[in-house]
Structure formats: structure tokens, C-alpha cells
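First up is the structure itself, then whatever we jot down about it.
In what follows, every chain begins at residue 1, and chains take the letters A, B, ... in the order their sequences are listed. What you see below is based on every heavy atom in this structure, not just the backbone, and it leaves out hydrogens, waters and symmetry mates. Computed from a predicted structure; not experimentally measured.
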Amino acid sequence: MTLATGRTAFMQDGQYDFNRIEKKWQDFWLAHMTFRTPDGSDPAAAGKPKYYVLDMFPYPSGAGLHVGHPEGYTASDIVARYKRMRGFNVLHPIGWDAFGLPAEQYAVQTGTHPAQTTQKNIDNMRRQIQALGFSYDWDRQVDTTDIGYYKWTQWIFLKFYNSWFDEVQQKARPIEELPIPDEIQSQGDEAVRNYIDSQRLAYESYAPVNWCPALGTVLANEEVVGGVSERGGHPVIRKPMRQWMLRITKYAERLLEGLNEVDWPESIKKLQQDWIGKSVGAEVDFKVVGHDAALRVFTTRPDTLFGATYMVMAPEHPLVEQITTLEHKEAVTAYRQQAATKSDLDRTDLSKEKTGQFTGAYAVNPVNGEKIPIWISDYVLISYGTGAIMAVPAHDDRDFEFAKKFNLPIIQVVRPDDPELAKEAAAERLCFTGDGTAINSGQFDGLSTPEFKEKITTWLEEKGLGKKAVNYKLRDWLFSRQRYWGEPFPILHTEGGQVIAMDESELPLGLPDVDDFRPTGTGEPPLAKATDWVNVTLPDGTKARRETNTMPQWAGSCWYYLRYTDPKNAAAAFDSEKEKYWLPVDLYIGGAEHAVLHLLYSRFWHKLLYDLGYTSSPEPFKKLVNQGMILGEDNQKMSKSRGNVINPDAVIEQYGADSMRLYEMFMGPLEATKPWSMQGVEGVHRFLNKVWRTIIDTDSGAPTAAIQDVPADEETTRLLHQTIKKVTEDIEGFGFNTAISQMMIFINHLARRNVRPKEVVETFVLLLSPFAPHIAEELWQRLGHCDTLAYAPWPTYDPQLCKAKEVELAVQVLGKIKDKIVLAADADEQTIRQKALASNKVQAAMNGKTPKKVIVIKSRLVNIVV
RNA sequence: GCCGGAGUGGCGGAAUUGGCAGACGCGCGGGAUUCAAAAUCCCGUCCUGGCAACAGGGUGUGGGUUCAAGUCCCACCUCCGGCACCA
């Protein structure tokens with residue numbers, strides 16, 4: 001028997017052979033560059049609105065993809081495919097956040113170069129991602145460890161280094177435009193240079209950092225969990241060390257305000273707001289008795305100034321030394337030493353019990369001239385506000401606790417409106433921190449808390465005793481790591497101790513090849529061992545050393561979404577026309593674990609680039625959606641040690657990528673945390689099998705005889721239009737699980753029919769295609785189409801056709817359902833009422849009583865009140 | 001301790017945002033098909049009582065608003081996530 005080859009393929013392939021089908025279409029998409037994305041200037045994009053769907057790019061770990069990755073990636077892929085069918089020019093890229101500690105630790109253990117490990121891991125993860133059939137434009141991949149990429153990460157760093165923040169304009173400006181005050185100018189070149197350095201947005205600092213002796217490296221706060229390193233659980237101590245910092249604090253207000261412009265989950269915005277931690281209050285100066293010095297404090301409760309009975313400085317406060325009296329010197333010094341060696345954790349841990357020392361000095365309360373003692377205690381942090389506080393024990397829990405412990409006076413200055421509370425507070429049994437009415441406050445008595453705050457702030461300003469002030473919890477960003485596998489800083493240190501930055505034209509500065517990746521253990525980074533690289537001779541013949549710190553992993557991920565718009569540009573980080581066309585990102589999907597840091601840092605970088613004219617929008621990510629966590633089948637977090645990790649490769653092999661994708665979407669709401677279930681995968685796999693059998697004759701491989709070119713019956717038409725409506729609206733609203741349910745309902749209906757109108761079947765295939773693209777493409781082809789369905793127009797529905805002709809209404813008597821009646825959908829209220837009251841069961845339930853009120857909710861129910 | 005989020009069948013979850021609780025899927029029970037099994041198809045499946053029609057109860061707990069509450073209000077309990085003396 002001879003048949004055309006095309007037919008033969010059909011004949012042999014009657015069953016739903018997902019492995020073969022998926023491979024076939026993945027190859028097809030790659031070979032035909034189906035998802036190549038034209039830029040705005042490309043004729044292929046003409047007349048199409050743009051849509052940018054971004055995934056948080058993965059770290060290419062040796063363990064490969066876990067099932068959490070495909071969740072967000074499938075969601076974004078569904079949206080990307082849907083938007084393409086709706087006529088959008090869609091940018092949907094992927095890349096690799098490939099610098100980072102794991103590859104370096106592996107290098108330390110085995111001597112394998114991190115670049116090798118990274119390449120191997122990227123190749124493996126790319127294979128896994130491609131096996132899921134995501135519609136990425138593979139020509140736009142970025143790799144943060146690629147020198148063609150990190151050249152521009154270094155370039156952005158230089159932008160930070162070469163900029164200052166203009167407080168008046170509230171924006172960054174090139175350092176050349178920095179006005180030099182006359183008194184600095186007059187002090188000579190070095191003073192000018194120091195002044196300029198002090199204004200740069202990237203600067204060096206010797207602040208104490210989290211030093212982990214076991215890892216031989218400094219850790220960021222977020223890498224320290226519960227006082228030990230997140231990775232490895234080693235102890236961490238505080239140690240002052242030279243670091244590069246980025247002046248993110250200058251952007252605190254704009255980062256806060258920008259949140260009002262974005263469509264993000266409220267919970268994420270709240271996390272960022274809390275992290276920035278803005279508070280408004282006043283700064284007040286307290287004169288120190290017997291010294292020509294004043295102690296400046298920040299308070300959010302200037303209305304409680306009359307209740308300040310003592311002061312507390314952080315142990316590190318510079319004034320401590322100066323004002324401590326001889327007789328208290330020893331105890332104070334001991335206390336300071338103790339505080340200095342404690343880690344942050346120890347300080348908070350041990351501070352369940354307040355500790356402190358009296359300095360022997362006194363300050364004068366500017367509002368009433370009272371002499372009050374000055375203490376030091378580690379419950380006051382040097383890094384927040386002014387590093388000193390006025391203590392108002394009657395109205396601050398911490399001060400209250402401290403005062404009780406050290407027997408310091410407590411003076412009520414706010415009376416609670418609740419008399420019961422007022423009694424308790426007066427008896428010093430509780431500390432009242434809320435709003436109330438002022439007492440014991442001289443001429444301010446009787447004012448409400450908010451009024452008082454306003455009045456006294458003005459009063460303080462008039463008297464020159466203080467002023468309104470704003471503080472933020474946000475700290476500058478510690479931007480250097482003592483590691484090998486990161487971007488090198490384009491910075492040199494001269495023999496004379498000067499810092500000079502490389503010129504942009506000298507970039508990139510490549511990482512040197514080394515074969516010993518171990519930390520030096522002294523805190524000096526591994527790069528210090530690459531002496532050939534480190535030591536340089538400057539054009540003037542003098543010697544210099546390269547910066548040996550490297551950038552943290554966040555660096556590369558701060559701007560990768562910009563590079564996707566122009567990934568191969570060798571002359572610039574990205575072309576501004578392309579940036580203008582694609583940005584902002586319309587939809588950003590990723591895990592909530594990046595809610596604060598990654599999203600805050602990239603917003604910060606984006607704003608700098610915006611200030612300098614490189615980006616056109618103030619915010620990078622318009623809409624943000626967080627996918628939830630996927631737990632193991634035992635409802636526990638997936639982990640190797642629990643042995644409950646699901647391997648995507650195994651799932652794909654057994655059920656196929658389409659089943660995997662569909663299951664991940666069917667599990668539940670995208671944002672929810674939910675457990676994995678292999679039986680659930682089996683369930684959606686059965687659904688796809690059923691779709692296949694409903695359309696394909698499993699003997700011949702051709703469409704079944706049930707598929708005919710005939711118009712659809714009324715019921716099928718209605719269900720089809722309802723399904724188009726539901727699937728469309730659910731994709732728009734990220735309700736993928738319910739969209740799938742609807743498709744199941746539809747196919748259950750269709751499978752029962754002996755005649756399946758071809759047009760209806762084709763419409764269904766299009767609806768299914770964003771979710772399960774491989775099977776959809778295959779069905780589309782077998783239904784007689786020659787080209788991919790990726791750009792076929794998305795089906796539309798007719799709202800009239802969605803409506804049922806007849807509806808069933810529940811009839812309640814006093815809120816309890818007694819009967820159900822069937823009526824024409826357009827029946828008027830009068831008819832409904834009559835029919836409802838005519839029901840025997842309803843009559844019986846009413847028990848002869850007359851209806852007092854009949855509530856009719858059209859096409860829903862009737863409720864009779866008797 | 002503070003700030004978020006969530007509690008609905010045996011399980012994952014639906015519920016037009018105040019209008020028939022449990023869609024869809026899993027699991028389970030029964031039947032058909034088969035020599036048998038897998039696969040598939042059909043029926044059933046919130047709980048209690050009853051052969052049944054049916055009756056009663058039911059969305060973490062207790063109260064409230066309403067003709068009507070999973071949904072709104074008050075108080076509480078449990079679980080998950082984040083923060084950690086931020087003046």
C-alpha cells in the first residue's frame with residue numbers, strides 16, 4: 001500500500017503521542033523563528049500595539065528547574081500567546097542571572113571555573129525551558145556573566161559614581177555639574193576632591209558589616225537569617241570593612257511616591273513602604289549642661305516634649321566620649337565595648353531586658369528648662385535618626401520599660417480619652433502611646449495630640465530650638481562583596497590612596513582567569529590573588545591597584561529588562577528608541593520573595609537612568625503579579641532533605657509539557673501557595689487525551705467523522721460563546737484555573753455529541769492554544785491549516801449568544817429554598833412572581849399565610865417573606 | 001510583639017462580589033465494555049436520619065446587620081508569609 005508521506009505520518013500517529021508532537025512543534029517554532037520579536041521600527045510591527053511580558057529570570061543552578069519556575073513562566077506564556085493572537089507585538093524574553101555564590105562555592109570545592117559550571121547549568125536549564133514550549137524570543141537571551149552584558153552593568157555603576165543628587169531638583173545629575181561651595185574651593189584641590197567624592201551616588205565607606213568568618217566573606221543583611229548565614233548557617237559578627245555603597249537613601253521619597261503609579265498587589269507595595277519606613281516628626285536640640293554642645297534628637301512625638309525625663313544616646317554616638325563624667329567613664333567605656341562586639345542579633349536578643357549606663361551628664365529640656373540625665377543604651381540605634389533620643393517613658397513602650405528598670409521618673413503629658421485607660425496610665429501601670437489630650441505641658445495644655453504636634457513644631461522653629469524633620473528606615477545599599485564570581489568594579493586605587501574610576505571607553509573590565517577561588521580568609525577578596533590583573537601602571541608611570549571587591553548578584557538583575565530591548569548592542573546598553581518603544585514592562589511575573597529587594601533596587605537603578613535621560617518612564621514595571629509557592633505532595637516546602645522534590649523533566653517525560661503547563665495552571669489561583677499532586681497531573685492529562693479523541697480518529701490520525709462542516713446547534717453555540725467569554729476574561733484576570741474548568745465543561749459537552757461542527761472545534765483549539773500550545777498546533781494542522789496558530793485571531797463572542805433562553809429560578813420562603821421554577825429568561829417580574837406563588841410546594845411552605853413582600857432577583861431567585 | 005494573607009467535602013479548589021454553597025478536577029463506590037486487565041463510557045458521592053419521596057444541619061469559633069451572609073460588621077481561635085527596639 002502506498003500513501004503520501006503526509007498521510008502516512010497521520011496513519012502512524014493516531015494516538016496522542018505527546019512526546020513526538022511536542023518535539024515536533026518546539027523544533028518548528030525554533031526553525032521558523034515563530035516568536036522572533038520585531039522592534040518598533042520593523043515593518044512587521046507596524047500598526048500593532050506593543051506588549052512587554054517579563055519573567056523574573058532564573059539563576060541557572062545545578063539542580064536545574066524546579067516546578068516553581070514553570071508556574072510563573074506558564075502564566076506569562078499564556079498571556080504572551082494570548083496577546084499575540086489579540087494583535088499585539090509581544091516582547092517575551094528570558095535570560096540568566098548567572099553570577100552568584102553557588103557556582104563560586106562549587107569552584108572552591110572542586111576547582112572548576114564558575115564560568116564552566118554556569119555554562120553547563122545554563123545549557124541544561126535552557127533545554128528544560130524549551131521542553132516546556134514557552135514562546136520566548138531566543139535571540140534576545142541575556143546572560144549577566146557575559147562580558148558583553150556586564151560591560152554595561154559596569155557602565156551603569158560608573159553612572160552612579162559620576163553622579164550626585166540635587167536635593168532641590170530631587171534628581172541625579174552628572175558630577176561635573178556639582179556646585180562647589182566657596183569655602184571648599186578656598187581650601188584647595190584636595191578639599192574639592194574630597195567634597196566631590198562625598199557627593200557621589202557610589203561611594204566608599206568603612207561601615208561595620210556582617211562578617212562571616214566561615215565563609216570568609218561579608219554578607220548583606222538579607223543574607224543573614226537569625227544571626228547566622230542564610231547559606232550554611234555559620235555565625236556572623238560585625239566588623240568594620242571598606243565597602244562600596246550606593247546612595248539609595250537619596251531616592252527614598254521618590255521610591256515611595258512611585259508606588260502610587262504602579263499596578264502592583266497592595267501587599268507588595270506595603271512591604272516596600274514599610275522597608276522605606278518614612279516617618280515625619282521634629283528634630284530638637286537639647287543643650288548639654290556644662291558643655292558647649294547640644295544633643296540633637298529626632299522624635300515623631302514632639303507633643304510629648306514636656307514628658308521627656310531623660311535622654312539616651314546610642315553607645316556609638318560621637319558625643320559620648322566628650323560628655324561622660326570622670327566617675328562614670330569606666331562603666332560607660334565597658335558598656336560601649338560590650339555593645340561594639342555584639343552582633344546585631346545579640347543586641348536584639350539580649351535586649352529583651354533593657355541595659356544601659358548613666359554618663360553623668362545632664363541636658364536641658366528646651367521647653368521647660370528641666371535638667372534631665374543622659375544615658376547610653378543599645379536600644380537606641382546609631383544608624384537611625386540622630387542616634388539619640390529624648391525618652392518619654394509615659395508614652396513610649398521602650399522608654400517606659402527602661403525607666404521602670406532604672407527607676408527614672410515618669411511624667412504623664414497625654415491623657416487618654418478613655419477614663420479607664422487614664423486611670424491605669426496615671427497609676428503607671430501601663431504606657432499610653434495613643435492620641436489624647438495634653439496635660440502637664442504648660443501653655444499647650446488641653447490640645448489634642450495632632451493639634452499639639454503641629455503647634456509645637458512651629459513654636460520650636462520660631463524659637464530656633466528645632467525643626468520639622470523626616471526620617472527613613474531605608475539605609476544605603478552595601479554594594480560590594482568579597483567574592484570572585486561577580487562583576488569587577490571599574491575602579492583603581494592609586495599608591496597615594498586616591499580612588500579613580502576607569503573611563504567608559506575603557507570598559508569592559510573582564511574578570512581575570514584564576515585557578516584558586518578560595519577566600520583569602522583575611523577579608524580580602526579572592527581577586528587580590530590575581531596579582532597580574534590587580535597591579536596596573538597608570539599612563540603617568542605611577543602604580544595602582546584594581547578594586548578587588550565585586551558587585552553583588554543584584555547588580556545584573558537591576559537592569560536586564562532594559563537589555564532585552566536591545567540585547568546585542570555593542571555600542572550602548574540599549575538603544576533609546578527601542579527603550580522608548582518597549583518600556584515600561586506591561587506585566588512582570590515572579591515570586592514574592594523578591595518583593596522588596598530586587599524590585600526596590602531595580603526601581604532605584606531605573607530612576608537614576610531616568611534622571612540622566614537614558615530611560616523614558618519613571619517606573620519600570622507597570623503591573624506586577626506574584627506567583628505562589630508550590631509545596632510538595634506532603635504539603636511541606638519542597639526540599640532535598642524531605643525528599644519531596646518534583647522533577648519537571650520526569651513530569652514532562654511521563655505526561656508531556658502540555659499536561660505539565662495545564663496542571664500548574666489548574667492547581668489553583670496563581671498567587672496562592674498550593675501542594676503538588678501527581679494525580680492532579682494525571683487528571684489534566686486525561687483531559688488532553690479526551691480533547692484529542694474528540695477531534696482525532698485514533699485509528700487514522702485524521703479528524704473524526706463527527707467533525708463536519710455544519711452549523712452548530714443552539715446549545716453548543718451558547719456553550720461555545722460562554723466558553724470564549726470565560727476563557728478570555730479569565731486570562732485577562734489571571735484566573736487560569738477557572739478558564740481550564742470551563743474548557744473541560746465544553747469538551748465534556750462536545751465529546752457527547754455525534755456531530756461536532758468544524759468551526760466550533762477550531763475555535764476551541766484556538767482557546768486551548770495559549771495553555772497547551774503543542775497539542776493545539778498539532779490539532780490545528782490536522783484540521784487542515786498549513787501555518788502556526790500563534791498569530792491566528794483570538795475568537796470573539798457574542799454576548800447575546802451567551803444567554804440561555806430558559807432559566808431555572810430558586811424559590812425561597814423566608815430564605816429557605818422550597819422549589820425551583822423554569823421560566824423564559826426574559827420573563828418580567830410580574831410573571832416570575834405569579835409562577836413562584838403558584839407552586840404547590842411554595843404554597844405548602846407558606847402555610848396559608850399571605851406574602852408580605854416578594855423579592856425577585858432576575859434569573860437568580862425569588863424570596864417570599866410572609 | 002507588630003504588619004500582611006488564608007481558613008469551604010476525604011483532597012486541590014469554584015461561587016457572576018450580598019442572591020440556589022461545593023462548578024471543574026482528584027479520590028472513592030457502583031455499573032457497562034473486556035476472556036481478563038489497562039484505557040474508556042455511564043451513574044452516584046457535603047453531613048445526619050430514612051428503602052424512598054423528603055426532613056434537618058452545614059463554609060474555623062461566638063455574636064450581629066439583612067428578605068437573603070462563604071461573602072458585610074464586632075470579638076476570638078488556628079495556620080502560613082514578612083519585619084524585628086526605626087524614637
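Between A/Y384 and A/F298, the ring planes are perpendicular. Angles over 60° get that label, and only those under 30° would be called parallel. Relative ring orientation between A/F746 and A/F764 is described as parallel, the plane-to-plane angle staying below 30° on a 0-90° scale split at 30° and 60°. Note on ring orientation: taking the six-membered ring where Trp is involved, the planes of A/F771 and A/F736 are perpendicular (angle over 60°, cut-offs 30° and 60°).
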Pick out the pairs of N or O atoms, protein on one side and nucleotides 20-22 of chain B on the other, that lie under 3.5 Å.
from: B/C20; atom 1: O2; to: A/K820; atom 2: NZ; distance (Å): 2.5
from: B/C20; atom 1: N4; to: A/E808; atom 2: O; distance (Å): 3.1

Below 3.5 Å between N/O atoms, which protein atoms pair up with nucleotides 56-60 of chain B? Just atom names and distances, please.
from: B/G57; atom 1: OP2; to: A/K816; atom 2: NZ; distance (Å): 3.0

Report all interatomic pairs (protein N or O, nucleotide N or O of nucleotides 11-14 of chain B) with separations under 3.5 Å.
from: B/G12; atom 1: O2'; to: A/M667; atom 2: O; distance (Å): 2.6
from: B/A14; atom 1: OP1; to: A/N737; atom 2: ND2; distance (Å): 3.1

Quick test: give all pairs of protein nitrogen or oxygen and nucleotides 7-10 of chain B nitrogen or oxygen below 3.5 Å, distance rounded to 0.1 Å.
none

Could you list all N or O pairs between the protein and nucleotides 45-50 of chain B that sit under 3.5 Å apart?
none

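For A/L631 and B/G81, the CG to C1' distance is 12 Å, given to the nearest whole Å. Atom CZ in A/F736 sits about 19 Å away from atom C1' in B/A23, given to the nearest Å.
Taking the P atom of each, B/C79 and B/G29 are spaced 34 Å apart, rounded to whole Å. Spacing between B/G50 and B/G5 at atom P, rounded to whole Å, works out to 46 Å. Comparing the C1' positions of B/C46 and B/A37 gives a spacing of 34 Å, expressed to the nearest Å.
Not counting sequence neighbours, A/R756 has no partner by the salt bridge (Lys or Arg N to Asp or Glu O under 4.0 Å) test. Remark: A/R753 pairs with A/D713, A/E715 by the salt bridge (Lys or Arg N to Asp or Glu O under 4.0 Å) rule, at least two apart or across chains. In this structure, A/E454 has no salt bridge (Lys or Arg N to Asp or Glu O under 4.0 Å) partners at least two apart in sequence or on a different chain. For A/K725, the salt bridge (Lys or Arg N to Asp or Glu O under 4.0 Å) partners two or more places apart in sequence, or in a different chain, are A/E729. Evaluation of the side-chain hydrogen bond (donor to acceptor under 3.5 Å, both in side chains) rule for A/T433 yields no partner, not counting sequence neighbours. Every residue was checked against the side-chain hydrogen bond (donor to acceptor under 3.5 Å, both in side chains) condition with A/Y16, not counting sequence neighbours, and none meets it.
Base orientation of B/G58: anti, since the glycosidic angle falls outside 90° of 0. Nucleotide B/U61 carries an anti base; the chi torsion (O4'-C1'-N9-C4 or O4'-C1'-N1-C2) is more than 90° from 0.
Side-chain atoms of A/N471 and A/S279 include no donor-acceptor pair closer than 3.5 Å. Side-chain N/O atoms of A/N863 and A/K853 include no donor and acceptor closer than 3.5 Å.
Put simply, A/R693 has a side-chain N or O that comes within less than 4.0 Å of OP1 or OP2 on B/C41. One finds no side-chain N or O of A/K269 lying less than 4.0 angstrom from the OP1 or OP2 phosphate oxygen of B/G4.
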**Request:** Determine which bases of RNA chain B form Watson-Crick or G-U wobble pairs with both distances under 3.5 Å, and write the result as a 5' to 3' dot-bracket string with | for other-strand partners.
**Result:** (((((((..(((......[....)))((((((.......))))))((((....))))..(((((..]....))))))))))))....
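Ring centers of A/F402 and A/Y310: under 6.0 Å apart, within the cut-off.
Between A/K269 and A/E266, at least one side-chain nitrogen of the basic residue sits less than 4.0 Å from a carboxylate oxygen of the acidic one, meeting the salt-bridge criterion.
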